[in-house]
Amino acid sequence: VIPLAVTGLIFMLAWGGWYKRDSILFFYLAVYALPLVAYVPLSRYRLVLLPVLCLGIIRLFQMVLYRLKNVNLSSSKHFLSAFAVLAAVVYWVSWPHVTPIRPADFITLGKALEIRDRQITPEIANCYQQAWLLNPDGIAAGLNLGRTLLALGKVKEAEAVLGRARNQAPENFSLSIYYVNSLLANGKARQALAIVEGIREPKKDEARLTYFYLKGECYRICGDSTRARQSFEQALPLAGDAARVNLQRLIDSLR
């Protein structure tokens, strides 16, 4: 589509289409193309340019047919030669000769599959694993792979991945929380407690709930009932109705 459309737009400009009725196409193209060029991440939304590109192709074939019908053979040969050369050049320039797949592409695919499936599946974990294999020190790849492995019950693999990712960003709250979960799942409560005690208390209520709950759970497993109860009591006012009932049971069991 793009090579033919760009060729058509170039011929339209060459024949003065920019000041005739075709000018609306160039106005539309400019309005959308300039932001896409100025802000590259928006290029994923370049589908809005498809109507203009399709119209460019239509105009191209209209011009070719008009040229063949109304111009002498010699002139038509020159026109067709120019058309062929221009189309070939545009095609060669616009063709993606090398399109490397980035870790971010696999992460985006994994996120999309999570929205579609509404649960963690091996297919989703495989997407994040591909991202992690491309960049083993990537924080986003390690975090997403680790949490999906936890959800699938692969706790040893999750601990290894999350531990490596956390070494790259020890201040990352989400990484630390998932890593603590993986340590608890592998029976390493004291190591988990050492990490959770070093985490700075977050400001958002949801994060604070997770923080105090995990802290209390680490204390409880390590046998410190007093500190466990205190942590659960700090989490209690932040919890929803169902979670509040479970937290209250934990607190009562520690009295």
Side-chain angles (χ1 to χ4, degrees), residues 103-104 106-107 110-111 114 119-120 122 124-125 127-129 131-255:
F106 283 110
I107 293 174
K111 296 284 188 181
E114 285 192 58
Q119 61 179 345
I120 301 300
I124 294 170
C127 290
Y128 296 138
Q129 186 173 29
W132 186 74
L133 290 174
L134 288 173
N135 184 15
D137 293 325
I139 298 172
L143 171 61
N144 286 289
L145 176 59
R147 67 178 179 81
T148 51
L149 290 174
L150 273 176
L152 293 173
K154 300 180 179 181
V155 294
K156 290 185 178 180
E157 295 93 330
E159 179 189 340
V161 171
L162 290 167
R164 179 167 182 168
R166 188 177 180 274
N167 288 336
Q168 304 299 319
E171 74 288 346
N172 188 300
F173 177 78
S174 296
L175 261 178
S176 298
I177 290 300
Y178 280 115
Y179 185 46
V180 168
N181 273 306
S182 70
L183 291 172
L184 289 175
N186 283 301
K188 301 177 181 179
R190 294 199 177 276
Q191 187 176 345
L193 178 59
I195 291 175
V196 81
E197 284 183 333
I199 298 175
R200 182 181 302 176
E201 181 181 333
K203 296 181 179 180
K204 294 183 179 180
D205 287 348
E206 185 177 356
R208 293 178 67 226
L209 170 61
T210 303
Y211 169 76
F212 286 123
Y213 173 77
L214 277 182
K215 199 172 185 179
E217 192 67 7
C218 290
Y219 283 130
R220 184 185 68 81
I221 295 174
C222 291
D224 192 336
S225 300
T226 301
R227 290 186 176 180
R229 187 176 67 253
Q230 290 173 349
S231 295
F232 289 140
E233 287 174 346
Q234 287 177 293
L236 191 61
L238 303 170
D241 294 338
R244 190 177 292 115
V245 172
N246 293 328
L247 279 171
Q248 190 61 57
R249 289 176 181 171
L250 281 171
I251 293 170
D252 293 341
S253 69
L254 294 170
R255 295 187 186 281

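Residue numbers count from 1 along this sequence.
Pairing each heavy atom of Val155 with each of Asn186, the nearest pair is O-ND2, 3.1 Å. Cys218 and Leu184 make their closest contact through SG-CD2, 4.0 Å (heavy atoms, listed as atom of the first residue, atom of the second, distance). In terms of heavy atoms, Phe106 sits closest to Cys127 at CB-O, 3.3 Å. A pairwise comparison of heavy atoms in Val196 and Tyr211 identifies O-CE1, 3.7 Å as the closest pair. Ala125 and Leu152 get closest at one heavy-atom pair: CB-CD1, 3.7 Å. Across all their heavy atoms, Ser176 and Ile199 have their closest contact at CB-CD1, 3.6 Å.
Distance check, rounded to the nearest 0.5 Å: CH2 of Trp132 to CZ of Arg164 gives 5.5 Å. To the nearest 0.5 Å, the span separating OG on Ser182 from CD on Gln191 amounts to 8.5 Å. With rounding to the nearest 0.5 Å, the separation of CD1 in Ile251 from CG in Leu236 is 4.5 Å. Rounded to the nearest 0.5 Å, atoms CD1 (Ile195) and CG (Leu214) are 11.5 Å apart. With values rounded to the nearest 0.5 angstrom, Ile124 atom CD1 is found 7.5 Å from Gln119 atom CD. Atom CD1 of Ile139 and atom CG of Leu175 lie 6.5 Å apart (nearest 0.5 Å).
If you run side chain to side chain contact (heavy atoms under 4.5 Å, CB included) between Phe212 and each of Gln234, Glu233, Glu217, Gln230, only Gln234 comes through. Results of the side chain to side chain contact (heavy atoms under 4.5 Å, CB included) test with Ile107 over Leu145, Leu143, Asn135, Asn144 single out Asn144 as the only residue that passes. Residue Leu149 is tested with Glu157, Lys156, Gln129 for a side chain to side chain contact (heavy atoms under 4.5 Å, CB included); the sole match is Glu157.
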Give the intermediate values and the outcome of side-chain contact (heavy atoms from CB on, under 4.5 Å) for residues Arg166 and Asn172.
-> CA-CA 7 Å; Arg166 188 177 180 274; Asn172 188 300; over 6 Å; no
Going through the distances and angles, do Leu162 and Leu150 end up as a side-chain contact (heavy atoms from CB on, under 4.5 Å)?
-> CA-CA 10 Å; Leu162 290 167; Leu150 273 176; 4.1 Å; yes
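The side-chain heavy atoms of Glu114 and Ile120, taken from C-beta on, include a pair separated by under 4.5 Å. Looking at heavy atoms from C-beta onward, Arg249 lies out of side-chain contact with Asp252 at the 4.5 angstrom threshold. By the 4.5 Å heavy-atom criterion applied to side chains, Ile221 and Leu193 are not counted as neighbours. Within the 4.5 Å cutoff, side-chain heavy atoms of Lys111 are placed close to those of Tyr128.
Listed by chain and residue number, Asp241 satisfy the salt bridge (Lys or Arg N to Asp or Glu O under 4.0 Å) test with Arg244 (two or more places apart in sequence, or in another chain). The ring-ring contact (aromatic ring centres under 6.0 Å, His included) test applied to Phe232 returns Tyr213, not counting sequence neighbours.
Looking at Arg229, its side chain does come within 3.5 Å of a backbone N or O of Leu254 through a donor-acceptor pair.
Within 6.0 Å of CD in Glu197 there are more than 12 heavy atoms belonging to other residues, nucleotides or ligands. Counting heavy atoms of neighbouring residues, nucleotides and ligands inside a 6.0 Å radius, atom CZ of Arg227 does not exceed 12 of them.
Within the structure, ring pair (Phe, Tyr, Trp, His ring centres under 6.0 Å) contacts touching residues 135-170 (residues at least two apart or in different chains) do not occur.
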